There are 2 protein chains.
Amino acid sequence: MYEPKLEHPLRCGVDVTMKILGGKWKVCLIHSIRNGLRRPSELHRTNAYATPRVLNQQLKELEDHGIVRKVIYPVLPPKAEYFLTPEGESMLPIVDAMKAWGDTHGEEFQARLDVLAPLEAGA
Amino acid sequence: MYEPKLEHPLRCGVDVTMKILGGKWKVCLIHSIRNGLRRPSELHRTNAYATPRVLNQQLKELEDHGIVRKVIYPVLPPKAEYFLTPEGESMLPIVDAMKAWGDTHGEEFQARLDVLAPLEAGA
DNA sequence: CGGTATCCAAGCGGATACTG
DNA sequence: CAGTATCCGCTTGGATACCG
């Protein structure tokens, strides 16, 4: 049995938020849902770089964490939709701030990465 | 050579931000530095659940990404300090929003986790 | 005090194939 | 269309010991 020396309780508020948003696609998913993309196929189309399985996984976690609500319609062909819960909507300021920052600083950051990458490769 | 089928370009601004803040301790570190804790030993003391090595790692990445600046003083015993760059300071609204959200919703979220955990264990 | 090297466990996320 | 099962690699980050 593995017993970590360093437990990591959710003490600082930051940890709580990161625990929820930490997945690779979670902020993207919240952002997509907020923009009216509710069905799994739509979410997959806008996040085409992730496999359906992974998106489904992360949506499940968001659901478990109370951030999104899933509605399954018992029809054929199957249909499902995701909605933000009030909790989820209360996270939108964070998501918006993250998107705004990235949109503003993205190119500059990319340039910095381009400088860094060769250094690692050449080392 | 590993060649992923799904590349993950930094297209949506959100990805850029998560690339920078995605590490387990990065937001905590930025927050700590902003509160005037600059020396490695101080940062380690406030983030006692992480090993010095890991903190150092993440600080290095933050430095490479242009978020913090490191000043090494050539004295004995060794001394170093971290400061936020202007880029780093421009992220503070995000960090603050994350902290505020976690502080507000932390208990409720913890309660939700406590309900979830037994379900997994019992299954 | 600050930093590094080595080793390694675990979790996350991706590939693929399949069912209702 | 939506979801699940299985498999597996990579990355992350934690343990420990050691050097300047």
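Side-chain atoms are counted along with the backbone in the values below, which use heavy atoms only and exclude waters and symmetry mates. Please read all numbers here as calculations on a predicted model, not as lab measurements. Per chain, numbering begins at 1; letters A, B, ... match sequence-line order.
Nearest nucleotide to the B/P77 side chain, out of D/dG14, C/dC1, D/dA2: C/dC1. When distances run from any side-chain atom of A/Q58 to the nucleotides D/dG13, D/dG3, C/dG13, the shortest one goes to C/dG13. Relative to the side chain of A/T51, the nucleotides C/dG14, D/dG3, C/dG3 differ in distance, and C/dG14 lies closest.
The CD atom of B/E81 sits 15 Å away from the P atom of C/dC1 (whole-angstrom rounding). The CG atom of A/L55 sits 15 Å away from the P atom of D/dC1 (whole-angstrom rounding). Rounded to an integer number of Å, the gap from NZ of B/K79 to C1' of C/dG3 is 17 Å. If you measure from atom CD1 of B/I20 to atom P of D/dT12, you get 15 Å, rounded to the nearest angstrom. Atom-to-atom, NZ of B/K60 to C1' of C/dG3 comes out at 12 Å; the value is rounded to the nearest Å. Atom P of nucleotide D/dG13 and atom CG of B/L29 are separated by 11 Å, given to the nearest angstrom. The NZ atom of A/K19 sits 11 Å away from the C1' atom of C/dG11 (whole-angstrom rounding). As rounded to whole Å, 13 Å separates atom C1' of D/dG3 from atom CD of A/E63.
Look at B/N56 and you'll find a side-chain N or O under 4.0 angstrom from OP1 or OP2 of C/dT4. Listed pair A/K24 / C/dG14 meets the phosphate criterion, a side-chain N or O lying under 4.0 Å from OP1 or OP2.
With a 6.0 Å radius and a threshold of 12 heavy atoms from other residues, nucleotides or ligands, A/K19 has its NZ atom at or below the threshold. Dense packing is recorded around CD of A/Q110, with more than 12 heavy atoms of other residues, nucleotides or ligands lying under 6.0 Å away.
Direction of the helix axis in the helix from C/dC1-D/dG20 to C/dG20-D/dC1 shifts by 50° between the two five-pair termini, rounded to 10°.
Among the protein residues, B/K70 comes within range of the sugar-phosphate backbone only, with heavy atoms under 4.0 Å from sugar or phosphate atoms but none that close to a base.
Using cut-offs of 30° and 60° for the angle between ring planes, the B/F109 and A/H65 rings count as perpendicular.
Comparing A/P78 and A/Q57, the nucleotide of DNA chain C nearest to each residue sits closer to the 5' end for A/Q57. Summary of the strand contacts: B/E61 and B/P52 both lie near DNA chain D, and taking for each the nucleotide with the nearest heavy atom, the more 5' one is attributed to B/E61.
With respect to B/K60 and B/D64, a salt bridge is recorded, a charged nitrogen being found less than 4.0 Å from a carboxylate O.
Under 3.5 Å, the side chain of A/R53 and the base of C/dG14 form at least one donor-acceptor pair of N or O atoms.
Contact between B/L43 and B/L55 at its shortest, heavy atoms only, is O-CD1, 3.8 Å.
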Name every donor-acceptor pair, under 3.5 Å, that has one atom in a side chain of residues 74-90 of chain A and the other anywhere in the protein, sequence neighbours excluded.
residue	atom	partner	partner atom	Å
A/E81	OE1	A/Y73	OH	2.7
A/Y82	OH	A/K70	NZ	3.4
A/T85	OG1	A/G66	O	2.6
A/T85	OG1	A/I67	O	3.1
A/T85	OG1	A/E87	N	3.4
A/T85	OG1	A/G88	N	3.0
A/S90	OG	A/E87	O	2.5
A/S90	OG	B/W101	NE1	2.8

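Panel note: side chain A/N56, backbone A/P52; no donor-acceptor pair is recorded below 3.5 Å. Put simply, the side chain of B/E108 never gets that close to the backbone of B/H105: no donor and acceptor are under 3.5 Å apart.
B/Q57 places none of its side-chain heavy atoms less than 4.5 Å from the side chain of B/W25. Residues A/M91 and A/I20 are in side-chain contact: their nearest non-hydrogen atoms beyond the backbone lie under 4.5 Å apart.
Interface residues of residues 31-44 of chain A facing DNA chain D, ordered by number: A/R39, A/P40, A/S41; criterion, heavy-atom separation under 4.0 Å.
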